[in-house]
Amino acid sequence: MITVTKPHIPRKKRFLHYVERAFSQRWLTNNGPLVRELTERLEEFLDVKNLLLVGNGTLGLLIALKLANCQKLFTTPFSFPATSSAPIWMNIGLVYGDIRPETFNLKPPTGDNSSEVDGLLATHVFGNPCELTQMAESARSWDVPLIYDAAHAFGVKVDGQSVLNFGDMSILSFHATKIFHSIEGGAVVFKDSALLEAAKEMINFGFDGSGAVRSVGINAKMNELEAAMGLAMLDEVDEVLEAYRTRYEMYDDLLDGILIRQRIADNVEQNYSYFPICFADERSADYAIRELGNQGVTPRKYFSPSLDTVAVYGSSQSCEVSQDVASRIVCLPMYTDLPEEDVRKICRVVNQSLEV
């Protein structure tokens with residue numbers, strides 16, 4: 001079976017080297033040496049400041065939303081469910097805006113803030129950066145914080161600068177399926193160092209540096225074994241990124257030109273972690289998925305359904321572009337050791353389905 005993704009497993013000896021450090025010091029959680037080392041190395045690799053490691057990306061989003069103190073968010077319906085479920089979990093209302101059909105990203109809102117939105121939450125879909133200047137202008141115009149769901153944007157740059165340096169807060173996911181992972185885990189990158197300090201207390205039950213409870217907090221810490229996996233992954237990150245790029249370019253060369261592709265600007269240095277394609281209509285997409293399944297391939301309609309159609313989210317908006325893209329999109333398998341002959345097989349099946 002060729003699955004849509006598989007986690008990269010770093011060399012066992014490398015991972016166990018870091019695990020042994022945790023064992024020998026008997027320090028398994030509570031901001032241990034491995035967590036601190038991973039924080040420093042990630043800040044250097046990603047070219048960011050004020051990075052805070054957390055237990056997973058959803059916890060990172062919850063922390064960011066709590067610090068933003070939002071009551072109602074303007075956000076995208078074309079994203080992983082956590083982008084909507086996290087704010088709803090916190091009783092934050094949602095206003096969905098539609099997406100660009102070319103980039104799959106949220107259209108920056110314009111006009112006055114008549115819906116009394118007090119926060120913007122946008123996703124860099126498949127790591128493709130949002131319209132950064134326009135989103136910043138919208139946030140300034142509405143006088144609201146700008147939060148980015150950057151779960152897919154590890155290592156992505158715009159004009160040579162990390163996409164994580166835009167907005168007030170950016171959330172990364174280090175789930176096992178991501179191009180960089182720590183089994184579970186995530187991070188928040190803050191524009192303001194004061195927010196970082198507040199978040200450090202928040203993820204540790206509200207304890208300050210002296211051990212006094214100074215604020216209401218939760219437990220959102222990353223542990224040392226997750227950090228060990230993150231450090232082992234970071235040791236191999238260049239070869240991981242190269243493996244994704246090679247497979248991405250193979251798909252790009254072999255697939256039929258009539259497929260609709262996500263538009264990525266020339267000034268973007270992407271990470272190649274996803275290969276989404278759009279078919280002409282839903283029936284064509286579903287047919288290709290069936291044909292791939294008959295050959296032992298399991299792609300994914302990612303993101304489908306459009307979140308404005310999910311009943312439990314209670315949306316009163318109807319985002320036609322998002323619904324249309326969600327019905328026709330297919331993400332093809334991508335992982336570091338996906339054999340080249342499997343890439344050719346997948347492309348052959350997709351191209352044959354287009355002929356039919």
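All values below were derived from every heavy atom in this structure, side-chain atoms included, with hydrogens, water molecules and symmetry-related copies excluded.
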- Item | ILVMFWY cluster membership beyond Val325 - transitive side-chain contacts under 4.5 angstrom | Phe78, Phe80, Ile99, Phe104, Val125, Phe126, Tyr274, Tyr302, Phe303, Val321, Ile329
- Query: Is the backbone N or O of Ala280 less than 3.5 Å from a side-chain atom of Ser284, with the two atoms forming a donor-acceptor pair by type?
  - Reply: no
- Item | Worked check of side-chain hydrogen bond (donor to acceptor under 3.5 Å, both in side chains) between Tyr96 and Ser84 | CA-CA 10 Å; Tyr96 287 116; Ser84 286; 2.6 Å; yes
Before accepting this row, confirm whether a basic side-chain N of the pair [X]/[Y] lies closer than 4.0 Å to the acidic partner's carboxylate O.
| X | Y | value |
| --- | --- | --- |
| Arg11 | Asp235 | no |
| Lys72 | Glu116 | no |
| Arg41 | Glu44 | no |
| Arg245 | Glu249 | yes |

- Between CG on residue Leu241 and CD on residue Glu269, distance to nearest 0.5 Å: 9.0 Å
- Output for pair (Glu236 CD, His8 NE2), nearest 0.5 Å, gives 4.0 Å
Should the heavy atoms of other residues, nucleotides or ligands under 6.0 Å from [atom1] of [X] be counted, would the total exceed 12?
| X | atom1 | value |
| --- | --- | --- |
| Lys301 | NZ | yes |
| Asn294 | CG | yes |
| Glu341 | CD | yes |
| Lys345 | NZ | yes |

- Could you please spell out the steps behind the salt bridge (charged side-chain N to carboxylate O under 4.0 Å, His left out) verdict for Arg344 and Glu340? CA-CA 6 Å; Arg344 294 189 181 92; Glu340 292 185 3; 3.7 Å; yes
- Message: Between Tyr251 and Tyr272, is the ring pair (Phe, Tyr, Trp, His ring centres under 6.0 Å) condition met? List the steps.
- Response: CA-CA 11 Å; Tyr251 276 130; Tyr272 305 101; over 10 Å; no
